[in-house]
Amino acid sequence: MANEIVGGATAVAPADPAPRRRSRWQSPVVRRLLRHRMFVSGAILLLIVGLAAIFADLLAPSDPLKISIRTRFEPPGAEWLFGTDNFGRSQWSRVLYGARLSLMIGLGVVILNAVFGTLVGALAGYFRSLDNLLMRITDAFMAFPVILLAIGITAALGPGSLNAVIALAAVYTPRTARIVRASVLVVREMEYVEAARAMGATHWRIIWHHILPNCMAPLIVQLTFIFAYSVLSEAVLSFLGLGAQPPTPTWGNIIAEGRQYIREAPWITAIPGIALAMTVMGLNLLGDGLRDVLDPRLKVQQG
Amino acid sequence: MGRYIVQRLLSSIPVIFLVTLISFSLMQLVPGDPAIMVAGLQATPDEVERVRVQLGLDQPFHMQLLHWYGNLLQGDLGTSFLLGRDVLEVTLERLPVSISIAVYALVMTLLVSIVAGIIAALRQNSWVDQLVMTIALIGVSLPNFWLGLMLIVLFSVHLGWLPTGGYVDFREDFWGWLQAATLPAVSLAMLQMGLLARITRSTMLEVLRQDYIRTARAKGLSERKVVGKHALKNVMIPVVTVIGIIFSLLLSGSVVIETIFSVPGIGSLLGSAILRRDYPVIQGGLLLVAAMLLLLNLVVDVLYAYFDPRVRYRNGK
């Protein structure tokens with residue numbers, strides 16, 4: 001999807017200053033990342049969301065599921081930071097717990113995606129006999145618009161967060177596999193791989209020890225963007241009623257519920273959307289920064 | 001050229017086969033007994049049995065598959081449970097609505113993002129550039145369905161400028177169509193605008209560094225000519241290649257956007273089919289959309305090969 005964007009910053013990575021006594025712990029990559037404005041702002045945004053998700057039960061004094069008729073539709077203010085919803089539940093609590101679920105689902109998709117995308121991509125890139133078959137299968141998956149296929153899969157499997165994770169992983173894995181395959185194709189021709197082969201290393205050893213470590217940069221960049229899309233797509237799924245079911249709060253289902261009261265209580269809809277946009281923006285910035293620093297020439301074409 | 005087209009067509013056959021297989025298999029993912037899911041939990045055993053036969057679920061897997069392909073070749077995508085009508089008929093009926101909005105959004109995307117991207121590239125690192133890139137970043141980060149709701153609050157509820165939803169056929173009342181389609185199109189286009197503005201900007205920056213641009217400048221051409229004649233053409237190449245992706249994103253977004261704005265297109269059809277587990281519509285709709293995108297990508301590739309002969313030779317092997 002969005003990976004073909006070449007970041008806002010020019011594709012020229014900041015020149016590495018003369019390698020004076022470089023401490024072992026001061027990796028040049030880390031230093032360059034810390035000097036990259038987009039990366040740092042993305043990291044800060046994510047840190048805020050991440051901490052909010054981790055400490056949701058400490059930060060939110062009231063139960064996100066506690067219904068109270070007397071406090072319905074309280075606007076945001078001193079007493080109710082983010083207001084209350086149609087059941088009188090604290091929006092602050094619900095948005096924080098929603099952050100937890102959103103990030104966990106995104107992380108789940110990223111992990112599955114990393115494992116299966118690497119597996120399929122490495123197989124296709126390394127064993128040329130498998131390549132054609134595997135790539136046609138990825139083509140077929142990629143012929144469907146992402147969200148539509150994810151909707152189709154969750155609709156079939158039944159609603160729920162776990163099924164949303166499975167559907168999104170299934171939809172994004174072919175895309176990641178393509179990226180891994182492209183780098184495996186390049187790395188497998190390198191001389192050190194040739195050398196390993198000549199020394200009688202097994203296929204798996206060559207793939208695991210020699211090829212994959214050198215395919216990490218594009219994979220990490222890709223996974224950051226996949227994280228962003230997964231959070232966004234999960235919100236779409238739960239907005240449509242296909243993700244976690246109410247009363248469990250997710251940003252998507254809070255927005256869906258708030259939609260009915262959008263005239264009287266627009267904050268119910270507005271606030272989770274802002275949280276969602278903040279998270280996605282943080283991940284996008286992080287991805288842009290990583291791409292500029294790890295692989296400035298990277299311009300991945302991906303459907 | 002002819003050989004390239006034939007080759008490209010042949011290579012898409014296995015993909016089309018797999019696409020249909022995936023659409024078919026969706027039904028197999030339904031846990032438990034799909035007949036019960038479809039008939040509803042309150043259905044009597046008789047009703048469940050009727051649904052099972054109607055869906056052909058009483059037959060073994062390979063027979064179901066053969067049956068599905070047999071029907072498919074005759075253009076029969078099955079019958080909607082809910083509407084009791086032919087799926088192909090219903091989807092084709094609603095397709096023009098979705099396409100009219102998608103094209104509107106596409107035109108908007110192309111106009112806004114190409115101009116913004118080029119201006120940003122020409123004033124690299126100025127405040128204009130920073131502003132454009134910040135807006136583009138916000139554009140790619142905003143959830144489109146949320147944006148749609150916020151636009152309704154602002155433009156329909158508070159300002160009362162545009163309707164909150166609905167659809168008017170553009171052949172009957174163009175002005176009405178424009179009013180009804182604007183908010184859905186903007187919500188759909190936001191993401192693509194951000195993407196394309198960034199692509200245009202970075203391509204433009206790359207092009208401006210090329211030797212032929214320096215030559216054009218060196219021979220004293222005006223900046224307007226350098227940009228308009230020499231740079232613009234080369235910027236358009238990546239733009240053309242991502243049109244397929246953009247269209248795919250537009251159709252993706254249509255499910256939620258059409259639901260929010262109650263637009264009677266293919267997206268809202270799918271949306272309601274999902275909620276009511278109308279599997280033939282889900283399967284058929286997905287298949288139709290995928291087929292359309294495959295076709296579009298085919299056309300884009302052929303056009304691309306036509307404009308850039310290198311592609312033909314590289315793939316011609």
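Because the structure is predicted, anything quoted here is derived from the model rather than measured. Below, read A as the first sequence line, B as the second, and so on, with proteins coming before strands; counting in each chain starts at 1.
For the options B:L142, B:V132, B:L147, B:V256, heavy-atom pairs under 4.5 Å to chain A are most numerous at B:V256. Among A:A150, A:A270, A:A155, A:G241, the residue with the largest count of heavy-atom pairs under 4.5 Å with chain B is A:A270. Here B:L26 is the residue among B:T20, B:L287, B:N144, B:L26 with the most heavy-atom pairs under 4.5 Å with chain A. Between chain B and the residues A:A140, A:A228, A:G152, the largest count of heavy-atom pairs under 4.5 Å involves A:A140. Most heavy-atom pairs under 4.5 Å with chain B, from the set A:G258, A:P266, A:G273: that is A:G273. When A:A235, A:P159, A:G252 are compared by the number of non-hydrogen pairs under 4.5 Å with chain B, A:A235 comes out ahead.
In this structure, B:I22 and A:L149 have side chains that are in contact, with non-hydrogen atoms separated by less than 4.5 Å. For the pair B:V255 and A:I147, the minimum side-chain heavy-atom distance is 4.5 Å or more. The shortest side-chain heavy-atom distance between B:R198 and A:D288 falls under the 4.5 Å cut-off. Side-chain contact check for B:L149 versus A:F239: some heavy-atom pair is nearer than 4.5 Å.
Neither the backbone nor the side chain of B:L250 comes within contact range of chain A; no heavy atom of the residue lies under 4.5 Å from a heavy atom of that chain. For B:Q130, the part sitting under 4.5 Å from any heavy atom of chain A is the side chain, from C-beta outward, and nothing else. Only the side chain of B:L294 has a heavy atom closer than 4.5 Å to any heavy atom of chain A. For chain A, no part of B:I246 is nearby; none of its heavy atoms comes within less than 4.5 Å. Contacts of B:V289 with chain A are made by side-chain atoms alone, with heavy-atom separations under 4.5 Å and no backbone atom involved. Contacts of B:L293 with chain A are made by side-chain atoms alone, with heavy-atom separations under 4.5 Å and no backbone atom involved. Contact of B:P14 with chain A is made through the side chain alone, with heavy-atom distances under 4.5 Å.
In this structure, CE in A:M281 is found 8.5 Å from OG1 in B:T134, a value given to the nearest 0.5 Å. Atom CG in A:L285 sits 7.0 Å away from atom OG in B:S141 (nearest 0.5 Å). How far OG of B:S248 is from CG of A:L148: 8.0 Å, rounded to the nearest 0.5 Å. Rounding to the nearest 0.5 Å gives a distance of 11.0 Å between CG of A:L240 and OG of B:S272. How far CG of A:N284 is from CD1 of B:I138: 11.5 Å, rounded to the nearest 0.5 Å.
Among all heavy-atom pairs drawn from B:W146 and A:T269, the shortest one is NE1-O, 2.9 Å.
Dense packing is recorded around CZ of B:F24, with more than 12 heavy atoms of other residues, nucleotides or ligands lying under 6.0 Å away.
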Test side chain to side chain contact (heavy atoms under 4.5 Å, CB included) on B:S23 and A:F144; report intermediate values, then the result. CA-CA 10 Å; B:S23 303; A:F144 296 96; 3.6 Å; yes
